[in-house]
Visitor: 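This is the structure I have questions about; it appears just below.
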Number of protein chains: 2
Amino acid sequence: MSADLRTKMVAGAADLMSRRGLPAASMRDLARHSGTPLGSTYHYFPGGKRQLALEAVRFTDDQVRSRLSRSLEQGPVEGVREFLAVWRQILIDSDFEAGCPVLSVAVTESRAGEAAEAVTAARDAFSHWCGLLSRSLREHGAPADAAQSLALLIVTSVEGSVAICRAEGSARALDLVAHAVERLAGNALRHGEI
Amino acid sequence: MSADLRTKMVAGAADLMSRRGLPAASMRDLARHSGTPLGSTYHYFPGGKRQLALEAVRFTDDQVRSRLSRSLEQGPVEGVREFLAVWRQILIDSDFEAGCPVLSVAVTESRAGEAAEAVTAARDAFSHWCGLLSRSLREHGAPADAAQSLALLIVTSVEGSVAICRAEGSARALDLVAHAVERLAGNALRHGEI
DNA sequence: CCTGTTATATGACGAGTGTTATAACCGTAG
DNA sequence: CTACGGTTATAACACTCGTCATATAACAGG
C-alpha cells in the first residue's frame, strides 16, 4: 500500500483537471500525467474517474485550507496575500496552463451529472475558503456582514482572475485584483465596511 | 443561406459549451442541443469545431457588450447592475446548469491548444467588458487607476460568482457580490477610490 | 523453495470522437 | 418536365473513451 503513489495520482489529477477540465482529462492521460501506471488506477481508485475527481478536489481544498489557516494566524491581510500567492505560483510554474481544479470542476460538471460528488466537494471547498477568510476578518474587527461579503468577493475575484490570467498568459489581472482586495481588507478592518 | 440557422447553431454552441466546457461538447451534441442537423454543421462552419467555438465566444462577447453599452448610458452603476443581470438570468433559466461560455473556454482550453483562437477571443471579451466598465467609471468621475482596478474586480468577481452559483445551485453568491460591487462602484464615484 | 498478497501490464469491450465523402432531398429557375 | 443550387442524411474513417478481466510481475513471510 504505497500512500505516496496514491497521493501522486491525486495531485496529478488535480493538476491535469485544472488544465483541461474534468471531462477532457482521460484516465490514460491522468495516469501518464502523474507518471503512474494506468493499470494501478483502478486498483487505488475502485470508484474510477468519479472517485479520482472527488479526491482531487478535496486534495486541493485541504492544501489551500492548510496554507490559508497557517498564514491567517498573522492576520487577515496576510491570509489574503497567501491565498493569492497560492494561485499565482501555480500560474507561473505552469506557464499559465494550469489553474484551479475546483473552479474547473464547477465550470465543467453538472450538479446532477456523473461527477456530482466532485461538484459538491467544489462547493464545500469554496465555502471553506470563504469561511476561513470571513472568520479572520471578523476576529480582527470587521462586522459580520461586511466580513462575509468581503470574503466572498475575494474568493470569487481571485478565481475569476486565475481564469483570465490563463487566457491572457500573464499575471496582470491577478496582481491588479490582489492590490485591490488587500486595500479592501485593510479598509474593512479600519472602517468596518467595504 | 439561412442566417437564422447559423445563429441558432452558434447560440446553442455557446450555451452547451458553458455547461460542459468545450472539449466535452461533441459536435453531435452541439447539433442536437441547438436543434439543427449535424449534416449542416460542416456546411456552415467549414473550420469545424474550432470555428464554431470561436464564433460562440465572439457571439457571447457581442451580446454582452451590446447590453452593457446600452445600460451604461444610464451610468456605471446601472451598467454593473445589467452585467450582473445577464448572468443571473442565464443561471436561473438553466436551473444553474449553464454559465459563461467565455469563462468555460478560458478554463478548459490552452492558449497553444487546438482552440487557440477561441482562447484569444475569450481574452478579448474580458478585455472588452472591463474596458466598457472602466471607461464609464472614468467618465463619471473615478480616477483612471481606480476605474481600471474596479472594472477588473467586477468582471472577475462576477465570473467567479457564476461558477460558484453553479456549484451551489443557488444565486446567493452572485447576489452577495452584486451588492458589494454596486456599493464599491458608488464609493468610487463619490470618493474617487475603491 | 513455495505461497499469498499486492501491484503492474496487456488487451479487449462497446460506445463515442471529429471529420469527410457520398448520396439523397428540396425548392426554384429555365 | 428537367436541371441545378443549397441543404441534409447516412455511413464510414481511424481513433479515443471508461472500464474491466485476465495475466504477469514483485515481494512478503514461512
Side-chain angles (χ1 to χ4, degrees), chain A residues 1-17 19-57 101 104-105 108-110 112-119, chain B residues 1-17 19-57 101 104-105 108-110 112-119:
Chain A
M1 166 200 58
S2 165
D4 290 353
L5 198 65
R6 240 194 84 103
T7 306
K8 202 168 148 191
M9 284 176 167
V10 173
D15 182 72
L16 191 60
M17 280 163 49
R19 294 171 189 254
R20 314 214 277 243
L22 181 51
S26 76
M27 290 297 264
R28 290 164 177 83
D29 288 338
L30 288 167
R32 187 171 23 240
H33 188 69
S34 55
T36 56
L38 168 65
S40 304
T41 310
Y42 288 90
H43 178 76
Y44 288 109
F45 305 93
K49 202 178 184 182
R50 300 172 66 127
Q51 184 183 354
L52 188 52
L54 172 62
E55 296 204 25
V57 172
S104 189
V105 166
T108 59
E109 292 294 325
S110 155
E114 54 184 22
E117 315 90 338
V119 176
Chain B
M1 164 201 59
S2 165
D4 290 353
L5 197 65
R6 241 195 83 102
T7 307
K8 203 167 145 190
M9 285 176 167
V10 173
D15 181 73
L16 192 60
M17 279 164 50
R19 294 170 187 255
R20 314 214 279 243
L22 180 52
S26 76
M27 290 297 264
R28 289 162 178 86
D29 287 338
L30 288 166
R32 188 171 22 238
H33 188 70
S34 56
T36 57
L38 168 64
S40 305
T41 310
Y42 289 90
H43 178 76
Y44 288 108
F45 305 93
K49 202 178 184 182
R50 300 172 65 126
Q51 184 183 354
L52 188 51
L54 171 62
E55 296 204 24
V57 171
S104 189
V105 166
T108 59
E109 293 294 325
S110 154
E114 56 185 21
E117 315 91 338
V119 176

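A note on names: the letters A, B, ... follow the listed sequences, proteins ahead of strands, and every chain is numbered from 1.
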Visitor: What is the separation between atom CG on D29(A) and atom P on dT17(C), rounded to the nearest whole Å?
Guide: 17 Å

Visitor: Any chance you could measure T108(B), atom OG1, to L22(A), atom CG, to the nearest 0.5 Å?
Guide: 12.0 Å

Visitor: Among pairs that include at least one residue of residues 37-48 of chain B, which meet salt bridge (charged side-chain N to carboxylate O under 4.0 Å, His left out), considering only residues two or more places apart or in two chains?
Guide: none

Visitor: Going by the rule side-chain hydrogen bond (donor to acceptor under 3.5 Å, both in side chains), which residues pair with E55(A) if we only count those two or more places apart in sequence or in a different chain?
Guide: R6(A), Q51(A)

Visitor: Check the distance between dG18(D)'s C1' and L52(A)'s CG and give it to me in whole angstrom.
Guide: 12 Å

Visitor: Between L38(B) and H43(A), which is nearer to the 5' end of DNA chain C once each is assigned its nearest nucleotide?
Guide: H43(A)

Visitor: Find the distance M27(B):CE to dG18(C):P and express it as a whole number of Å.
Guide: 7 Å

Visitor: Is there a side-chain contact between L30(A) and L52(A), using heavy atoms and a 4.5 Å cut-off?
Guide: yes

Visitor: Just how far, in rounded Å, is P of dG6(D) from CG of D4(B)?
Guide: 19 Å

Visitor: Tabulated below should be each protein N or O lying under 3.5 Å from an N or O of nucleotides 12-15 of chain C; please produce it.
Guide:
residue, atom, partner, partner atom, Å
dA12(C), N6, R28(A), NH2, 3.4

Visitor: Mapping G39(A) and A25(A) onto DNA chain D by nearest heavy atom, which one lands closer to the 5' end?
Guide: A25(A)

Visitor: Between Y42(A) and dT19(D), is there a contact of a side-chain N or O with OP1 or OP2 at under 4.0 Å?
Guide: yes

Visitor: Looking at residues at least two apart in the chain, or sitting in another chain, which of them share a side-chain hydrogen bond (donor to acceptor under 3.5 Å, both in side chains) with S40(B)?
Guide: none

Visitor: Which residues in residues 30-37 of chain A have a heavy atom closer than 4.0 Å to any atom of DNA chain C?
Guide: P37(A)

Visitor: For residues 21-30 of chain A, pull every pair meeting salt bridge (charged side-chain N to carboxylate O under 4.0 Å, His left out), keeping only residues two or more places apart or in separate chains.
Guide: R20(A)-D29(A), D29(A)-R32(A)

Visitor: Assign A24(A) to base, sugar-phosphate, or nothing according to its heavy-atom contacts below 4.0 angstrom with the strands shown.
Guide: nothing

Visitor: Can you list every salt bridge (charged side-chain N to carboxylate O under 4.0 Å, His left out) pair that touches residues 40-49 of chain A, not counting sequence neighbours?
Guide: none

Visitor: So, do V57(A) and M17(A) sit near enough that their side-chain heavy atoms are less than 4.5 Å apart?
Guide: yes

Visitor: Side chain to side chain contact (heavy atoms under 4.5 Å, CB included) with S104(B): which residues, sequence neighbours excluded?
Guide: V107(A)

Visitor: Within less than 4.0 Å of OP1 or OP2 of dA7(C), is there a side-chain N or O belonging to S40(A)?
Guide: no

Visitor: Expressed as a whole number of angstroms, how long is the span from F45(A):CZ to dG18(D):P?
Guide: 15 Å

Visitor: What residues, two or more places apart in sequence or in another chain, satisfy side-chain hydrogen bond (donor to acceptor under 3.5 Å, both in side chains) together with T36(B)?
Guide: S34(B)

Visitor: I need the CZ-C1' distance between R50(B) and dG18(C), as an integer number of Å.
Guide: 13 Å

Visitor: Can you give me the dot-bracket string for DNA chain D, 5' to 3', counting Watson-Crick and G-U wobble pairs with both distances under 3.5 Å, using [ ] for crossing pairs and | for partners on another strand?
Guide: ||||.||||||||||||||||||.||||||

Visitor: Nearest 0.5 Å, please: how far is CD in E117(A) from CG in L54(A)?
Guide: 6.0 Å

Visitor: Is S26(B) close enough to dG16(C) that one of its side-chain N or O atoms is under 4.0 Å from OP1 or OP2 there?
Guide: no

Visitor: Quick check: closest heavy atoms across A31(B) and T41(B), and the distance to 0.1 Å?
Guide: CB-OG1, 4.2 Å

Visitor: When the distance from CG of L5(B) to P of dG6(D) is rounded to whole Å, what number comes out?
Guide: 16 Å

Visitor: Would you check if the side chain of R19(B) reaches a backbone N or O of S110(A) as a donor-acceptor pair within less than 3.5 Å?
Guide: no

Visitor: Rounding to an integer number of Å, can you tell me how far R20(B) CZ sits from dG16(C) P?
Guide: 12 Å

Visitor: Where do N or O atoms of nucleotides 21-27 of chain C meet protein N or O atoms at under 3.5 Å, pair by pair?
Guide:
none

